[in-house]
Amino acid sequence: MSRQTVLELLKSRGEDFLSGEEIAQRLGLSRAAVWKAVDALRKEGYVIEARTSQGYRLTGSPDVLTEKEIRSFLGPTALVGKNLVCLESVDSTNTYLKKQALTGIPDGTAVTADCQTGGRGRMDRVFQNPKGKLVALSVLLRPEVPLERLTCVTAQTAVALCGAVEEVCGVRPQIKWTNDLVIDRKKLCGILTEMALEGETGRLQYLVMGIGVNVHQTPEDFGPELAEIATSLDMVLGRHISRPALAAAEIRALDRLYADICRGDTQRYVDAYRRDCVTLGKTVQLLSADGRRETAQALDIDDEFGLIVRLADGTVRTVRTGEVSVRGMYGYVD
Ligand code: BTN
């Protein structure tokens with residue numbers, strides 16, 4: 001525990017040195033306990049510089065999705081992430097949480113994994129999650145709100161995540177309708193929301209929100225086909241992004257979203273979605289489940305995040321998530 005508090009204190013100091021005495025005083029530890037904590041942190045991969053008469057400062061952290069590292073960026077949250085489970089490897093963080101949900105784990109539990117061996121995407125697609133490359137995060141929510149309020153939760157999550165990526169990277173992604181985050185016209189992040197309802201009453205048992213953000217992949221990691229439509233933060237920004245810092249920002253954003261959903265305070269997510277949506281103004285193809293394709297002009301987003309389109313014959317129609325998927329005319333977005 002003293003390791004965690006020493007780490008948090010050093011992080012809060014940024015580039016400044018902190019003397020061993022001040023650390024000991026502020027945390028109520030002995031000098032020997034401070035030294036032991038610093039030594040243990042170094043063994044875990046933290047780079048801690050020590051200077052005579054100045055003390056210690058943190059100059060490097062391991063890029064790991066451990067509870068300690070994520071918490072050192074997290075700060076207090078109302079609910080989401082209070083219970084945080086960090087796994088090295090799992091089939092799928094969504095599947096894991098769905099099983100745990102039935103055992104009564106707390107509302108707001110967040111699960112991360114460094115590697116998923118059976119990551120799942122929408123429509124039963126495989127979601128690739130090689131070790132150390134992504135932030136894979138799932139969150140369990142049990143909001144006590146009317147079910148209608150949850151139909152837009154994935155689109156609202158997309159907006160919340162744009163904010164989290166912007167906070168950590170300084171660049172705001174856009175949203176390809178309905179809920180893929182894109183940068184430079186390529187997919188950066190996918191979201192898979194799964195819910196369980198009680199058969200008799202229709203009451204929500206739980207909702208699991210799963211998010212995968214590409215962070216450290218290179219084009220070679222994606223392979224030639226996927227590299228055409230997918231990108232990573234490292235590829236876009238040309239610099240290293242801290243996965244635990246991003247995981248913490250995502251958890252904070254979901255914590256705010258959860259409170260907003262419970263209060264029914266979600267109009268600003270629609271407003272932000274309209275600003276962030278890269279699909280608007282584009283000519284798109286609407287792909288129906290039965291394989292039909294129609295060309296349309298994307299005009300606007302309605303208050304339930306439906307896409308308002310004008311078809312080739314001039315009719316204006318609103319399409320909803322699940323009903324059709326949208327592609328650009330030539331590529332993933334355009
Ligand atoms: C999609 O783009 O189709 C959605 C991808 C969702 C991937 C995330 S990664 C964390 C969570 N666990 C999974 O198995 N899937 C989601």
Side-chain angles (χ1 to χ4, degrees), residues 64-67 69-70 77 79-143 147 150-158 160-161 164 178-181 187-199 202-217 221-222 226 230 232 243-244 246-248 250-251 253-255 257-258 261 289 321-322 325:
V64 288
L65 293 176
T66 56
E67 180 170 3
E69 197 47 20
I70 294 173
T77 55
L79 202 80
V80 176
K82 275 194 178 307
N83 186 32
L84 175 60
V85 180
C86 298
L87 305 168
E88 250 183 71
S89 178
V90 70
D91 52 355
S92 147
T93 49
N94 267 33
T95 309
Y96 175 91
L97 253 188
K98 281 163 64 178
K99 284 185 202 148
Q100 295 291 315
L102 303 172
T103 69
I105 53 160
D107 195 10
T109 295
V111 176
T112 65
D114 203 33
C115 163
Q116 293 181 105
T117 51
R120 295 183 292 109
R122 273 173 288 141
M123 295 180 253
D124 291 329
R125 293 196 190 109
V126 171
F127 184 82
Q128 290 180 6
N129 186 174
K131 185 172 165 46
K133 303 279 180 177
L134 289 86
V135 173
L137 168 75
S138 296
V139 168
L140 172 83
L141 306 177
R142 294 197 188 92
L147 270 187
L150 299 178
T151 52
C152 303
V153 73
T154 316
Q156 290 159 349
T157 300
L161 292 173
T178 55
N179 43 41
D180 285 342
L181 267 58
K187 179 164 170 172
L188 178 77
C189 160
I191 306 169
L192 174 67
T193 308
E194 300 181 273
M195 287 187 201
L197 303 180
E198 218 170 63
R203 233 190 87 239
L204 178 80
Q205 287 183 318
Y206 63 80
L207 182 153
V208 169
M209 179 80 70
I211 298 153
V213 184
N214 298 327
V215 181
H216 295 317
Q217 291 100 323
D221 289 321
F222 285 122
L226 218 53
S232 70
R243 288 188 306 145
L246 180 61
E250 289 179 35
I251 291 170
L254 294 175
D255 191 51
L257 172 61
Y258 194 20
I261 289 172
T321 176
S325 57

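Side-chain contact between V213 and L161: absent, with no pair of heavy atoms (C-beta onward) separated by less than 4.5 Å.
With sequence neighbours left out, the salt bridge (charged side-chain N to carboxylate O under 4.0 Å, His left out) criterion links K82 to no other residue. For R125, the salt bridge (charged side-chain N to carboxylate O under 4.0 Å, His left out) criterion is met by no residue, not counting sequence neighbours.
The main-chain N or O of G190 is never found under 3.5 Å from a side-chain atom of R122 such that the two would form a donor-acceptor pair. Q156 places no side-chain N or O within 3.5 Å of a backbone atom of L257 that could act as its donor or acceptor partner. Under a 3.5 Å cut-off, the side chain of D91 and the backbone N or O of G118 do not form any donor-acceptor pair. The main-chain N or O of V64 is never found under 3.5 Å from a side-chain atom of R243 such that the two would form a donor-acceptor pair. With hydrogens and angles disregarded, no donor-acceptor distance shorter than 3.5 Å links the side chain of N179 to the backbone of A158. A distance-only check finds no donor-acceptor pair linking the side chain of E69 to the backbone of E67 [under 3.5 Å].
Among V90, T93, V139, the single residue meeting the side-chain contact (heavy atoms from CB on, under 4.5 Å) criterion with V111 is T93.
Contact check on K187 versus D180 returns a salt bridge, with a Lys/Arg side-chain nitrogen under 4.0 Å from an Asp/Glu carboxylate oxygen.
Between N214 and S232, the side chains place no donor N or O within less than 3.5 Å of an acceptor N or O (distance only, hydrogens not considered).
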